[in-house]
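Letters go in sequence order (proteins before strands), and every chain restarts at 1.
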Amino acid sequence: MEYNFRAIEEKWHKRWVEQQTYKVTEDENKKKFYVLNMFPYPSGAGLHVGHPLGYIASDIYARFKRQQGFNVLNPMGYDSYGLPAEQYAIQTGQHPEKTTFQNIDRYREQLDKIGFCFDWDREVRTCAPGYYHWTQWAFQKMFNSFFCYTCGKAQPIETLIEHLNENGTKDLNVAQSEELTFTAEEWNAMSEKEQSDVLMNYRIAFLGETMVNWCPKLGTVLANDEVVDGVSVRGGYPVEQKKMRQWCLRVSAYAQRLLDGLETIQWSESIKETQKNWIGRSEGTEIQFQIAGTDDYFTIFTTRADTMFGVTFMVLAPESELVQKVTTADQKAAVEEYLNYVKSRTERERQIDHTVTGVFSGSYAINPFTGEKNPIWISEYVLAGYGTGAIMAVPAHDSRDYAFAKHFGLPIVPLIEGADISEESYDAKEGIVCNSPAEGATPYVNFNLNGLTIKEAIAATKKYVKEHNLGRVKVNFRLRDAIFSRQRYWGEPFPVYYKNDIPCMIPEECLPIELPQVENFLPTETGEPPLGNAQIWAWDEVNRKVVDKALIDGKTVFPIELYTMPGFAGSSAYYLRYMDPQNDEALVSKKADEYWQNVDLYVGGSEHATGHLIYSRFWNKFLFDLGVSCKEEPFQKLVNQGMIQGRSNFVYRIKDTNTFVSLGLKKDYDTTPIHVDVNIVKNDVLDVEAFKAWRPEYNNAEFILEDGKYICGWAIEKMSKSMFNVVNPDMIVENFGADTLRLYEMFLGPVEQSKPWDTNGIDGCHRFLKKLWGLFYSRTDEFLPKEGSATPEELKSLHKLIKKVTADIENFSYNTSISAFMICVNELQGLKCTNKDVLEKLIILLAPFAPHMAEELWEALGHDTTVCDAPWPAYNDEYLKESTATYAVGFNGKTRFTIQLPADCSKEDAEKAALENENSAKYLDGFVVKKVIVVPGKMINIVIGK
RNA sequence: GCCCAGAUGGUGGAAUGGUAGACACGAGGGACUUAAAAUCCCUUGAGCAGUAAUGUUCGUGCGGGUUCGAGUCCCGCUCCGGGCACCA
């Protein structure tokens, strides 16, 4: 009987739905295992073969765990709010709601063909009100919380208010936008509006007036991870810096916990490293400098406190508030001119062009260690947004300060023994400190660092600074707060209304507030949010509902926030929602959360390292502080599947003709390579007729062939429509079946590695399945498996496979387990194995990889249960024991011949057998044996010498 | 500039410090067939010697080192990919 994959796969898809094979419920008697894929944006292009890679890998793991007896949660859903979905709608001129639902249907159809064990009853969509209810809810919780550094976690805002009522900002150790100082009396005297503004300084979700990434083309602000090299990740449009009032999340408050948490999770080194870089912890010292001739001080941040004696000038960021203060009358014109120059430069220019520029302010700062007066300069190389926006410049040991000093002819004082600073600065943190001033040389202190290592000198200086009240030890982070509002339509509305300009939360029990329908949802270049077009968009406080904005009276009816939330809002806690997706009382019930805990295995792309994977860790830590999530880290183990690249094919047109020359002959002609659709090329041989039919202009194309074939060139490129190298999984399923697709995607190479898709190799996997089928059905439809006892060879082959596959799945080495399957099936075929027990075990092992075929054959073996619940077999080492072992016999490390010895041969016997073997004689002739090394079962190396 | 990961046949890729190239594709040869498809068998890292069996040398980006023995460990480079980046 032929392997009819179409009939088999159709049959089992239906059966799985009917029998709810993949439905999962909390079961206290079973250990849980939570497998999760990053849910997709349903974009318009549909899935290509790269998308299912991670889903297949995790599906295999999920099925494997289920067969091992775990209660496995493996859900799927759609990240359907946000920029990508909306951009697609705009491009196709349709309403995003319509395109989103269409795209979801298309995705579902494609996913269903591949045979995943998703529990679709748990599907979530971020754009569904029942879902974003909890996104809005979490936002309100963040609004009503602040972060307390003393207890290291989020606290209700009431606790802070109490503190302010009693103590003002005294002894306040909390995360804040800027350091405010006021007394309890001052606080209590503030108006409601003033208090609201002050509290914004502390809330975890807050309105902040900050520099944001504004993208006019997309008509919205963007978070830092959504901007790369000054352009938007989505669409590649220019981004400018603009001061705007936006909702922000105080992610920076969690910087240390986000960093510490990395040590507790099993993620790849490279992702952890990326997150560490992004968080950018830097431990240093803040030191106060007095502005000469005044009583004013300003603070700088340095990681090199040891270089206090090498400071020769100070630099302020042009945006620093100090600039006005330190600019003297005679420098005013020059400073103004410089500030105008800085303003004229775009963010992108500043990033690329590092020419030294700057201006002297006219003022001096007093070095608190030496009493020296150092000129204060203004330069754009100092960033306003990091540290204090002011630095002490040590040109000898910082390359930027060095370049600046050289350019403006400022002095350079070296502080490290033997450091050559004639050509460049010595930036390394290695060496012995010298050149501390002699005792009594400064009017201030006797403080000498000479002879210390840099590390010791930093510690000594910190200690000194602390003891003498010159500043404080400070940890800075590069991680910025996340801009949380977007001037777009397709996103979660904020559950916020404005009462006399004070933002108020819509009562929790009135959530969700649903996205209103609007005619015109297009973004605007000026930033007016599309929700401004919604007529029914005002909050009636009395009747507690959304009403027509014509009713706004400023007393009981108020305008609702027009911004929407960004894409990452919905994707930050979706893993919790899968645990309890229909709950309308809570994001997740205590019971469900305590059962499923957190995600054991998370599979997805590494491109989310500084976006989703930071935000969701932050979000979950917040929910953990609230007691909603019982685990601090959401994703225990993370596997990043590699990107599937495209393999493009080319034809070579001879210039100015319609004649195409085959790859091997093209060197004789002047040709232009042209991308050709990979679907009309097989094994790099062009289907000439299909090519002619492909495009009208190739209708009468002519070809110069080699060996009667047209051979195409190829290249590895990104998989994209414009390169004509997109391979669609539906097509593979249609031609080879889902099981073949699943096997081949895994066989391509290690899951975590990026690799090109090349349909050419797929025959091998398809052949393997046909061969395996052939172990069950003869060509004459006879069902082959028979009762009886298995031969030792059959058992050995099988148990070798069990051992290999069990280990490989745990390591995600699916490619080598499939190789092992191929070897085993070849061996069993060679042994003409018909033993039912052996074949049945083989099917159980196959089930995670090729579930359709496994179910079909499992049923044929007489089972009326699903193979998904067939217990994973254990291997028996007894069967794997060899009676003889092949020893490679080498002399001085080079293998010369092999001998067969009993498997349990002792080292001594092996050594004797090797030395006495007739082949050894010619190598031993004239030499003496110095040493013999025996690796049991493998190798005997005889070291000889004169 | 700093940090991370990687480099193995024509291709994708295997190798707890122990016979490098498993497995698969492609290619070449053969069987079956009127033919094709499908299926099956053999060869396939490079070089040299030999009619042949076979023997032998060289081979895991480059240069050193440790070791009886290195793709694997150590030191120094080159190249490719990724992250951070006037972050003081």
Syn or anti conformation of B:rG64, syn meaning chi within 90° of 0: anti

Interatomic distance, A:I823 CD1 vs B:rG21 P [rounded to whole Å]: 13 Å

So which protein nitrogen or oxygen atoms get under 3.5 Å of nucleotides 3-6 of chain B's nitrogens or oxygens?
unit_1 : atom_1 : unit_2 : atom_2 : d
B:rC3  : O2'    : A:E273 : OE2    : 2.6

Sugar-phosphate, base or nothing in reach of A:N826, heavy atoms under 4.0 Å: sugar-phosphate

Residue pair A:K462, A:E283: steps toward the salt bridge (Lys or Arg N to Asp or Glu O under 4.0 Å) verdict: CA-CA 11 Å; A:K462 274 185 184 170; A:E283 212 176 297; 3.8 Å; yes

OP1 or OP2 of B:rA88 under 4.0 Å from side-chain N/O of A:Y381: no

Side-chain N or O of A:K770 closer than 4.0 Å to phosphate OP1/OP2 of B:rU39: yes

Between B:rG6 and B:rC58 - C1' atom distance, rounded Å: 26 Å

Given RNA chain B, 5'-ward residue of the pair A:G764 and A:A888, judged by closest heavy atom: A:A888

P atoms of B:rU33 and B:rC23, separation to the nearest Å: 30 Å

Flag for A:N649-A:D684: side-chain donor and acceptor within less than 3.5 Å: yes

Nucleotide of B:rU57, B:rG18, B:rA88 approaching A:R896 most closely (side-chain heavy atoms): B:rU57

Atom-to-atom span, CZ of A:F821 to C1' of B:rA14 - whole angstrom: 17 Å

Criterion side chain to side chain donor-acceptor pair (under 3.5 Å) on A:Q275 and A:T610, from CA distance to verdict: CA-CA 6 Å; A:Q275 291 209 340; A:T610 57; over 6 Å; no

A:V382: side chain to side chain contact (heavy atoms under 4.5 Å, CB included) partners, not counting sequence neighbours: A:V315, A:A317, A:I391

Aromatic ring pairing A:F408/A:F404, orientation class (parallel under 30°, perpendicular over 60°, tilted between): tilted

Rounded distance in Å between the C1' positions of B:rU8 and B:rA20: 8 Å

Integer angstrom distance from the P of B:rG59 to that of B:rG64: 12 Å

Modelled atom types, side-chain donor and acceptor of A:Y402 and A:D427, under 3.5 Å: no

Nearest-angstrom distance, C1' atom, B:rG82 to B:rG65: 30 Å

A:R767 vs B:rA38: side-chain N/O to OP1/OP2 distance below 4.0 Å: no

Closest nucleotide among B:rC23, B:rA88, B:rG26 to the A:D763 side chain: B:rG26

Residue pair A:T740 / A:H766, side-chain donor-acceptor N/O under 3.5 Å: yes

Minimum-distance nucleotide (side-chain atoms of A:N815 versus B:rG18, B:rG13, B:rU39): B:rG13

Dot-bracket notation for RNA chain B, counting Watson-Crick and G-U pairs under 3.5 Å, with | for partners on another strand: ((((.((..(((.....[....)))((((((.......))))))(((((....)))))..(((((..]....))))))).))))....

Whole-Å gap separating C1' (B:rA88) and CD1 (A:I391): 5 Å

Interatomic distance where CZ belongs to A:F5 and C1' belongs to B:rA38 [whole Å]: 14 Å

d(NZ, A:K709; C1', B:rG26) in whole Å: 10 Å

Aromatic ring pairing A:Y3/A:W773, orientation class (parallel under 30°, perpendicular over 60°, tilted between): tilted

Donor on one side chain, acceptor on other, A:S648 and A:N725, under 3.5 Å: yes

Any A:N760 side-chain N or O less than 4.0 Å from OP1/OP2 of B:rG10: no

Side-chain H-bond candidate by donor/acceptor type, A:D808 with A:T816, under 3.5 Å: yes

From B:rA88, B:rU19, B:rA15, nucleotide with atom closest to A:T816 side chain: B:rA15

Under-4.0 Å side-chain N/O to phosphate OP1/OP2 contact, A:S606 with B:rG82: no

Touch class at under 4.0 angstrom, heavy-atom based, for A:K276 against every strand present: nothing

Atom-to-atom span, NE2 of A:H766 to P of B:rC25 - whole angstrom: 13 Å

Nearest-angstrom distance from the residue atom CG of A:D427 to P of B:rC2: 10 Å

A:E286 versus A:T299, side-chain donor and acceptor atoms under 3.5 Å: no

Pairwise P distance, B:rU78 and B:rG1 [rounded to whole Å]: 10 Å

Span that lies between the P atom of B:rA7 and that of B:rA14, in whole angstrom: 10 Å

Among B:rA14, B:rG18, B:rC23, the nucleotide that comes nearest once only the side chain of A:P750 is considered: B:rA14

Atom pair distance, as rounded to whole Å: NZ in A:K718 and P in B:rG82: 12 Å

Nearest listed nucleotide, side chain of A:Y923, among B:rU56, B:rA88, B:rC84: B:rU56

Side-chain N or O of A:Q275 closer than 4.0 Å to phosphate OP1/OP2 of B:rG83: no

B:rC68 and B:rG26, which share atom name P, separated by this distance in whole Å: 46 Å

Touch class at under 4.0 angstrom, heavy-atom based, for A:V382 against every strand present: base

Comparing A:I933 and A:E380 on RNA chain B - which has the more 5′ nearest nucleotide: A:I933

Options B:rU39, B:rG12, B:rA88, nucleotide nearest the side-chain atoms of A:R779: B:rU39

Nearest-nucleotide pick for A:R478, side chain only, options being B:rA24, B:rA88, B:rC84: B:rC84

Nearest-nucleotide pick for A:Q753, side chain only, options being B:rG13, B:rA88, B:rA24: B:rG13

B:rC68 phosphate, OP1 or OP2, under 4.0 Å from A:K931 side-chain N/O: yes

Residue pair A:R304, A:D398: steps toward the salt bridge (Lys or Arg N to Asp or Glu O under 4.0 Å) verdict: CA-CA 10 Å; A:R304 290 292 300 274; A:D398 182 284; over 6 Å; no

Check: A:Y338/A:T357 side-chain N/O donor and acceptor closer than 3.5 Å: yes

Sugar-phosphate, base or nothing in reach of A:K804, heavy atoms under 4.0 Å: nothing

Residue pair A:Y615 / A:D225, side-chain donor-acceptor N/O under 3.5 Å: yes

Nucleotide of B:rU19, B:rC23, B:rG13 approaching A:S819 most closely (side-chain heavy atoms): B:rC23

Side-chain N or O of A:N892 closer than 4.0 Å to phosphate OP1/OP2 of B:rG69: no

